[in-house]
J.: 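Supplied in structure tokens, the structure appears directly below.
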Amino acid sequence: MKEIPKTYEATEYESKIYKKWEASGAFKGKYKAKGKTFSIAMPPPNATGTLHLGHAVMLAIQDIMTRYHRMKDGAALWLPGTDHASIATQNKVEQLIAKEGLTRHDLGREKFLKRTAEFVANSQNIIKNQIRSMGSSCDWSRERYTLDADLSLAVRTVFKSMYEDGLIYRGYRIVNWCPRCKSTLADDEVEYKEKKGKFYFMKYGPVIIGTARPETKFLDKVIVVHPDDKRYKKYIGKSFDIPWINGKVKATVIADKSSDPEFGTGAMTITPAHSFIDFDLAKKYGFEVVKIIDENGNLTDVTGEFAGMNAHEAREKIVEKMEKHGLIDHIDENYTHNLSVCYRCGTAIEPLPSDQWFINVDKKLPKRGKSLKQMSIEAVKSKKIKILPDRFEKIYFHWMNNLHDWCISRQLWFGHQIPVWYCDCSKDPIVAIEPPKHCPKCKNTKLRQDPDTLDTWFSSGLWTFSTLGWPKKTDDMKHFHPTSVMETGYDILFFWIARMIIMSLYATNEIPFETVYLHGLIRDKFGNKMSKSKPETCIDPLDMIEKYGTDSVRLSLVIGGTPGNDMRLYEEKIAGYRNFVNKIWNASRFVLMNLESKDLKAKFTKSSVKSTADKWMVDHLQHLIKHTTELIDEFRFSEAGNNTYDFFWSIFCDWYLEISKGEHKNPAVLLYTLKTLLKLLHPFMPFVTEQIWSTLDEKKMLILEEWPKFDKFLMFKKEEDLMQNVISAISEIRSTRADLHINNSVKIPVTIYAGTKTAIFKEKAEIIKRMAQIGELNIEKTGKPIPSSVRIFLSGIEIYISLAGIINVQEERARIEKDIKEKQGFLNTLESRLNNKGFIAKAPKEVIEKEKAQQKAITEMLKKLNLYKNALN
RNA sequence: GGGCAUUUAGCUCAGUUGGUAGAGCGUUCGAUUCACAUUCGAAAGGUCACUGGUUCGAAUCCAGUAAUGCCCACCA
């Protein structure tokens with residue numbers, strides 16, 4: 001009837017289809033008629049980024065779920081947005097203005113933020129269009145940005161409430177300080193890099209101490225040894241005047257179990273201001289905390305002649321001086337240590353004490369009697385939140401159990417400025433949601449806002465509910481929260497997932513999501529991390545979309561991947577799925593060519609299913625519907641996609657379409673099967689399925705169609721079984737021909753004795769002839785062996801390929817011997833099992849019955865094969 | 001140092017309640033105007049890392065070993 005082009009050119013259709021979807025309102029998150037609606041909050045990409053494979057894989061998986069539920073439930077929400085990513089974005093803009101020779105201080109806060117806003121607006125558009133190019137069916141009318149007014153309101157609301165609950169406090173603590181970003185970092189924003197360096201052993205009065213950082217040791221005056229360390233027992237509690245870097249110091253020896261006798265010399269001095277452990281010790285014993293290194297990474301005035309020098313650069317000079325004074329015992333030149341560096345810029349971290357805002361994770365909440373930590377652990381332990389794969393639950397618990405108070409203030413400009421104001425009249429902070437007009441104590445109107453901003457994860461921790469209108473009580477909150485699934489890479493389990501759980505439980509008293517699906521990382525062909533510095537294996541999803549189409553890229557990212565496991569991606573894989581996309585296109589093309597326009601309007605019912613082949617096809621399809629639905633519900637997307645792929649290609653195309661050629665076509669079943677398959681494939685490959693759908697005279701777009709339902713009245717077990725016999729016969733004949741090197745152009749005569757299955761073989765004679773390239777075909781119930789022929793024995797069926805004049809006795813003998821050997825081998829294992837008393841006694845009945853039946857069938861076949869072999873000459 | 005994962009065909013990977021090992025790519029043989037050569041038909045190719053255990057039966061469950069990768073902690 002209709003003719004569509006021979007090859008599917010993805011780029012011709014994709015953007016048009018996307019626009020049509022978007023314009024039609026199909027993406028809009030509607031409420032399900034009954035019960036809670038399926039919803040996903042899209043992990044917001046950084047407002048600065050461009051689409052990479054990490055985004056591509058998350059978009060593909062989330063879109064599959066959203067489209068599936070939209071079809072199945074009639075409604076679903078996928079809420080998109082972007083994250084301001086304070087530190088990453090600020091760094092990027094700083095790099096940009098550096099090209100103009102400017103720093104952010106040259107511009108000043110206001111101008112710098114304006115500049116950043118412009119930059120963000122521009123890159124947001126880029127990433128948003130790239131999200132569209134992946135076919136993402138997200139609700140753009142609900143799009144959010146973490147710096148939007150209402151999201152910022154949510155941030156300030158949570159801050160104030162936490163402050164009032166005594167969870168947020170200001171404290172003087174050691175923090176991870178990045179001297180380049182000039183900001184604090186949370187513990188998990190610190191990375192460790194192995195570095196070769198020197199390890200210095202220094203004479204410190206009665207002991208020798210080891211350190212990698214001599215430049216922090218100026219004011220050390222406490223020696224710590226283990227209480228049981230015999231070497232030092234005599235010194236404990238004593239004081240010494242010790243010649244040190246800048247003259248004499250008075251040092252005391254104390255005993256504490258934190259000193260490891262096995263490490264170094266077993267004695268250490270402590271540097272309270274620049275080591276987390278030493279800070280804790282200093283707090284424990286009440287020692288003075290003096291800063292040696294300042295916020296710029298320079299040595300402070302207490303270091304005397306070294307003041308103002310960069311701490312790292314001063315190291316060698318300090319060591320030189322110590323050497324001159326005989327304070328160096330020896331130096332280990334080959335020491336590898338783990339250098340802590342900033343996860344954003346790679347600069348070495350300086351631990352230093354500073355006034356910062358923290359969230360107390362251990363304090364029990366006034367009304368709930370539990371700490372944030374306890375609540376967060378409970379939510380997962382009780383299975384209210386399920387993490388897939390579940391081994392990540394253990395990792396989550398471990399992390400949560402060891403969580404320290406969360407430092408939330410950052411000395412950055414870009415972000416949510418901390419909603420705290422100060423008045424000159426006192427040091428007390430004024431915490432408010434909206435800027436206060438005057439000081440509540442002295443009515444002074446000149447207030448200063450805390451210059452710091454909040455950790456970017458503070459606002460993204462609110463993402464599942466701040467995007468739905470919280471703190472207002474919105475209908476969206478009611479229908480969509482808690483969200484159904486959080487789908488993201490396992491690499492941000494702590495950064496983000498854990499924080500969302502903490503924040504949501506605190507603010508809304510609800511879990512943020514029911515299931516966490518963690519996908520793996522995409523790696524290159526050799527299993528390495530993809531990097532732009534290796535262009536030969538680095539894959540840019542946008543290039544691939546351009547070259548192979550979005551559907552192919554999506555399939556290649558989903559099939560073959562299992563949650564929590566990394567996956568390799570390479571261009572050949574994408575090309576393979578492009579072939580599949582084209583296969584679907586051409587199968588549809590075939591169906592269309594075999595339809596009249598009246599067939600498109602005809603209704604499909606059970607009575608449309610006529611031939612045995614039709615019934616075989618429709619029966620298979622019911623199983624596929626059932627299985628695919630189950631697999632998607634179980635988050636097994638790879639299997640669901642792969643099964644449908646197999647089905648489409650090797651069942652629908654290779655058999656049913658081939659059978660349909662000639663006299664046997666049934667437009668109703670062809671169309672029903674195609675439509676059902678398009679629906680099942682739509683979540684995985686939305687574009688090509690929608691494009692084909694548009695040629696089928698349907699009223700609704702495929703995106704809004706109903707998900708196929710398994711229909712037990714369309715099962716035809718008996719016909720399915722009969723047809724399978726015909727299919728095996730065709731396969732066997734084809735295989736035997738190829739084995740015997742009989743060219744396809746030779747139309748060989750074949751005789752089949754089909755026994756009880758004679759009727760179906762007679763019915764399908766034409767199909768068998770065509771598909772197995774047979775000349776003359778005789779089908780009888782039984783008969784005598786045909787001389788000069790090759791024989792195939794199936795269970796209850798004998799096939800004779802007459803090869804008078806063509807048969808090669810030697811080849812045939814080899815073929816038969818191989819067959820006998822294989823069958824004998826199988827028979828042997830069957831019999832040894834059936835002779836095993838234990839097996840008969842303990843194995844389930846069905847298994848035993850099955851094996852007995854097989855034994856009988858094979859024994860019979862072997863008998864025939866041997867007779868045949870002996871007759872060959 | 002602690003934890004986790006992976007190890008299945010030449011390559012990339014599936015394999016959920018334990019019952020003669022599967023796919024795609026690649027290889028080999030055969031097919032040229034058939035919906036599709038982005039195709040079709042066929043084949044070869046595997047002690048399921050190793051050792052032991054449980055079981056009538058193990059790729060699958062348990063214990064141990066090895067290799068690889070990842071995460072956490074971090075030592076003055």
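The chains referred to below are lettered A, B, ... by the order of the sequence lines, with proteins before strands, and numbering in each begins at 1. Please read these numbers as outputs of a predicted model, since none were measured by experiment.
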J.: Ignoring backbone atoms, test whether Y490(A) places a side-chain nitrogen or oxygen under 4.0 Å from the OP1 or OP2 oxygen of C70(B).
T.: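 Answer no for this pair, as no side-chain N or O of Y490(A) is under 4.0 Å from OP1 or OP2.
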
J.: When you get a sec, tell me which of C29(B), C56(B), A35(B) is the closest nucleotide to the side chain of C653(A)?
T.: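 That would be A35(B).
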
J.: Check this one for me: any side-chain N or O of N836(A) less than 4.0 Å away from OP1 or OP2 of G57(B)?
T.: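 Checking G57(B) against N836(A), no side-chain N or O comes under 4.0 Å of OP1 or OP2.
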
J.: Identify whether any heavy atom of K529(A) sits under 4.0 Å from a base atom; if not, whether one sits that close to sugar-phosphate; answer base, sugar-phosphate or nothing.
T.: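 No contact.
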
J.: For the side chain of R578(A) and the base of U38(B), is some donor closer than 3.5 Å to an acceptor across the two?
T.: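 Under the 3.5 Å cut-off, the side chain and the base do form a donor-acceptor pair.
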
J.: Within the modelled atom types, does a donor on one side and an acceptor on the other bring the side chain of N338(A) and the base of C74(B) under 3.5 Å apart?
T.: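 Side chain to base: pair present.
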
J.: If you only use heavy atoms from C-beta on, which nucleotide in A43(B), C56(B), U39(B) is closest to the side chain of F839(A)?
T.: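 From the listed options, C56(B) comes nearest.
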
J.: Any donor-acceptor pair under 3.5 Å between the side chain of E658(A) and the base of A35(B)?
T.: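 Such a pair is found, so the answer is yes.
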
J.: Output the rounded distance in Å from CG (D739(A)) to C1' (C29(B)).
T.: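 Taking atom C1' of C29(B) as the reference, CG of D739(A) is at 11 Å.
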
J.: Between C40(B), C36(B), A76(B), which one does the side chain of D654(A) approach most closely?
T.: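 Among the listed nucleotides, the one closest to the side chain of D654(A) is C40(B).
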
J.: Could you give the CD-to-P distance, from E634(A) to G15(B), as a whole number of Å?
T.: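 The distance from CD of E634(A) to P of G15(B) comes to 12 Å, rounded to the nearest Å.
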
J.: How is K818(A) classified with respect to the nucleic acid when contacts are heavy atoms under 4.0 Å: base, sugar-phosphate, or nothing?
T.: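 Contact class for K818(A): sugar-phosphate only.
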
J.: Check every strand shown and say whether K583(A) touches a base, only sugar-phosphate, or nothing at a heavy-atom separation below 4.0 Å.
T.: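 Base: the residue K583(A), judged by heavy atoms under 4.0 Å, touches a nucleobase.
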
J.: Applying a 4.0 Å non-hydrogen cut-off, can you work out what G576(A) is touching in the nucleic acid: base, sugar-phosphate, or nothing?
T.: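 Nothing, no heavy atom under 4.0 Å.
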
J.: Between atom CZ in R815(A) and atom C1' in A43(B), what is the gap in whole Å?
T.: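 Taking atom C1' of A43(B) as the reference, CZ of R815(A) is at 14 Å.
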
J.: Enumerate, in order of first residue number, the stems that involve RNA chain B, defined as 3 or more consecutive Watson-Crick or G-U wobble pairs with both distances under 3.5 Å.
T.: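 Stems (3+ consecutive pairs) listed as B:1-7 with B:66-72, B:10-13 with B:22-25, B:27-31 with B:39-43, B:49-53 with B:61-65.
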
J.: Is any side-chain N of the basic residue among K217(A) and D220(A) closer than 4.0 Å to the acidic one's carboxylate O?
T.: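 Yes, this pair counts.
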
J.: In plain terms, say whether D739(A) and R815(A) are close enough for a salt bridge, that is, a side-chain N and a carboxylate O under 4.0 Å apart.
T.: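 No, this pair does not count.
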
J.: Can we say E630(A) and R636(A) salt-bridge, meaning some charged N sits less than 4.0 Å from an Asp/Glu carboxylate O?
T.: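 Judged by the 4.0 Å cut-off on N to carboxylate O distance, E630(A) and R636(A) do not form a salt bridge.
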
J.: Run the ring-centre check on Y517(A) versus F637(A) and record whether the distance is less than 6.0 Å.
T.: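 Y517(A) vs F637(A): aromatic centres under 6.0 Å.
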
J.: Below 3.5 Å, does any donor atom in the side chain of R636(A) face an acceptor in the base of U16(B), or the other way round?
T.: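 Side chain to base: pair present.
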
J.: Regarding S259(A) and D256(A), do their side chains bring together a donor and an acceptor under 3.5 Å, going by distance alone?
T.: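 No - no donor-acceptor pair under 3.5 Å links their side chains.
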
J.: Given A76(B), U38(B), U20(B), identify the nucleotide with an atom nearest to the side chain of Q854(A).
T.: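 My answer, after comparing the listed nucleotides, is U20(B).
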
J.: Assign S638(A) to base, sugar-phosphate, or nothing according to its heavy-atom contacts below 4.0 angstrom with the strands shown.
T.: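 No contact.
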
J.: Tell me if the side-chain of K661(A) makes a donor-acceptor pair with the base of A35(B), cut-off 3.5 Å, by modelled atom types.
T.: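 In this structure, the two groups form a donor-acceptor pair.
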
J.: Is Y570(A) stacked on the base of U12(B) when the test is centres under 5.5 angstrom and planes under 30 degrees?
T.: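 Taking the rule of under 5.5 Å and under 30°, the ring of Y570(A) does not stack on U12(B).
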
J.: Charged N to carboxylate O below 4.0 Å: is that the case for K547(A) and E571(A)?
T.: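 Looking at E571(A) together with K547(A), the answer is yes, because their closest N to O distance falls below 4.0 Å.
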
J.: Across the strands shown, which category fits S275(A) at heavy-atom distances under 4.0 angstrom: base, sugar-phosphate, nothing?
T.: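 No contact.
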
J.: Taking any heavy-atom pair under 4.0 Å as a contact, classify G549(A): base, sugar-phosphate, or nothing.
T.: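 Here G549(A) touches no strand at all.
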
J.: Are Y8(A) and Y13(A) near enough that their ring centres are under 6.0 Å apart?
T.: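 Yes, ring centres under 6.0 Å apart.
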
J.: Regarding A841(A), tell me which of base, sugar-phosphate or nothing describes its non-hydrogen contacts under 4.0 Å with the strands shown.
T.: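 Since no nucleic acid heavy atom lies under 4.0 Å of A841(A), the category is nothing.
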
J.: State plainly whether the residues K284(A) and D280(A) are in salt-bridge range, i.e. N to O under 4.0 Å.
T.: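 No.
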
J.: Hey, does the side chain of K573(A) come within less than 4.0 Å of U12(B)'s phosphate (OP1/OP2), counting only N and O?
T.: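 The answer is no; no side-chain N or O of K573(A) sits under 4.0 Å from OP1 or OP2.
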
J.: Salt bridge or not between K661(A) and E766(A)? Use side-chain N to carboxylate O under 4.0 Å.
T.: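 Salt bridge: no.
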
J.: Would you indicate what Y192(A) reaches in the nucleic acid, counting non-hydrogen atoms under 4.0 angstrom: base, sugar-phosphate, or nothing?
T.: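 The answer is base, as Y192(A) lies within the cut-off (heavy atoms under 4.0 Å) of a base atom.
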
J.: Which nucleotide, G19(B), C70(B), A43(B), lies nearest any side-chain atom of S735(A)?
T.: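 Among the listed nucleotides, the one closest to the side chain of S735(A) is A43(B).
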
J.: Scan D491(A) against the nucleic acid and name what it touches under 4.0 Å (heavy atoms): base, sugar-phosphate only, or nothing.
T.: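 It contacts nothing in the nucleic acid.
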
J.: Please classify the nucleic acid contact of Y335(A) as base, sugar-phosphate, or nothing, using heavy-atom distances under 4.0 Å.
T.: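 Sugar-phosphate only.
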
